[in-house]
Amino acid sequence: MLLFLMGTQSTFFGPVKYAILPQVLADEELVGGNGLVSMGTFVAILLGTIVAGLLMGYDLAAKLTAVAVLVMAVLGYVAARQVPPTGDRSEARAVPLRPVQETWQLMVIAAERPRVLLAVLAISWFWFLGAAYLTQFPNFARTSLLGDETVVTLLLSTFIVGISAGAMLCERLTRHQISLVPVPGAPWD
């Protein structure tokens with residue numbers, strides 16, 4: 001249940017951290033701000049994974065993990081309350097509780113704009129591949145590298161540092177310009 005609730009919290013706060021950027025940053029700062037948010041997300045994932053690994057070594061691992069997750073949720077909520085209001089920039093509208101239909105409608109809209117669709121597919125592939133790698137690191141470290149938890153932590157750290165560096169390089173590669181192209185000069189540019 002706790003895992004479900006944390007996933008629900010991430011579902012609500014995840015998009016908001018990106019949606020606020022255009023309201024608080026200038027256009028030439030958006031790519032860098034997006035990179036910083038992405039880097040912060042992945043560093044948090046790494047730190048959470050490392051702390052979870054450390055907590056698993058204790059007899060009361062399940063209780064310690066539950067308490068740690070709840071503490072982080074409360075800290076996240078308190079931090080979110082510290083974000084200054086940006087003002088209402090649009091009319092309020094109800095969000096229907098139809099995730100499958102709404103997702104399908106968004107994909108139909110994206111399909112009408114090939115560059116947007118490619119960007120959505122690239123981001124989705126990135127998250128899918130990243131999740132696949134992260135879940136396979138422990139098995140790879142144990143069976144192929146004959147290592148223990150420290151090797152897993154090293155692999156995770158290297159992976160996260162690479163993603164963070166890439167997120168920050170995007171600002172340089174795009175020359176502070178907003179672009180739907182993942183890599184400047186790619187065939188769909």
Side-chain angles (χ1 to χ4, degrees), residues 1-21 31-77 79-80 99-100 103 106-107 110 116-174 180-183 186:
M1 182 65 164
L2 183 60
L3 187 59
F4 171 79
L5 292 173
M6 289 305 297
T8 303
Q9 181 187 33
S10 295
T11 300
F12 285 109
F13 284 119
V16 171
K17 66 185 176 193
Y18 293 102
I20 195 173
L21 293 180
V31 176
N34 184 50
L36 286 170
V37 169
S38 295
M39 182 179 70
T41 300
F42 280 99
V43 168
I45 290 169
L46 171 65
L47 292 176
T49 304
I50 291 171
V51 169
L54 293 173
L55 288 176
M56 291 303 120
Y58 291 101
D59 292 335
L60 299 172
K63 290 181 182 178
L64 288 172
T65 302
V67 169
V69 167
L70 285 172
V71 166
M72 291 309 297
V74 169
L75 289 174
Y77 177 77
V100 174
T103 301
L106 284 173
M107 292 308 294
V116 172
L117 180 61
L118 284 172
V120 168
L121 292 175
I123 291 166
S124 299
W125 180 252
F126 169 81
W127 281 99
F128 169 76
L129 200 58
Y133 278 121
L134 288 176
T135 58
Q136 292 304 312
F137 277 161
N139 188 43
F140 175 70
R142 188 177 342 99
T143 59
S144 298
L145 301 178
L146 304 175
D148 59 3
E149 304 84 32
T150 57
V151 175
V152 175
T153 302
L154 177 65
L155 289 173
L156 286 171
S157 300
T158 305
F159 188 68
I160 299 299
V161 167
I163 289 174
S164 298
M168 296 311 299
L169 273 174
C170 284
E171 183 177 29
R172 276 239 156 114
L173 292 172
T174 60
L180 291 177
V181 180
V183 178

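The analysis underlying the following values was restricted to heavy atoms, covering all of them including side chains, and did not include hydrogens, waters or symmetry mates.
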Grab the two heavy atoms, one from V43 and one from S164, that are nearest each other, plus how far apart they are. CG2-OG, 3.9 Å
For A141 and V152, the nearest pair of non-hydrogen atoms, with its separation, is CB-CG2, 3.5 Å
Acceptor/donor pairs from residues 51-68 side chains to any protein atom, 3.5 angstrom cut, sequence neighbours excluded:
| residue | atom | partner | partner atom | Å |
| --- | --- | --- | --- | --- |
| T65 | OG1 | A61 | O | 2.7 |

Residues 31-45 vs side-chain hydrogen bond (donor to acceptor under 3.5 Å, both in side chains), sequence neighbours excluded, gives K17-T41, Y18-S38
Residue pairs fulfilling side-chain hydrogen bond (donor to acceptor under 3.5 Å, both in side chains) with at least one residue in residues 119-129, sequence neighbours excluded: none
List the atom pairs, donor and acceptor, that lie under 3.5 Å between side-chain atoms in residues 156-163 and the rest of the protein, sequence neighbours left out.
| residue | atom | partner | partner atom | Å |
| --- | --- | --- | --- | --- |
| S157 | OG | T153 | O | 2.8 |
| T158 | OG1 | L154 | O | 2.8 |

With F126, which residues qualify under ring pair (Phe, Tyr, Trp, His ring centres under 6.0 Å), at least two apart? F42
Taken in chain and number order and not counting sequence neighbours, the residues that satisfy ring pair (Phe, Tyr, Trp, His ring centres under 6.0 Å) with F4 are none
Result block: side-chain N/O donor-acceptor pairs under 3.5 angstrom for residues 129-139, not counting sequence neighbours:
| residue | atom | partner | partner atom | Å |
| --- | --- | --- | --- | --- |
| T135 | OG1 | A131 | O | 3.1 |
| T135 | OG1 | A132 | O | 3.0 |

Set of residues satisfying side-chain contact (heavy atoms from CB on, under 4.5 Å) with respect to [X], sequence neighbours excluded:
X: L145; result: F140, V151, L155
X: L75; result: V71, M72
X: A44; result: none
X: A73; result: M6, Q9

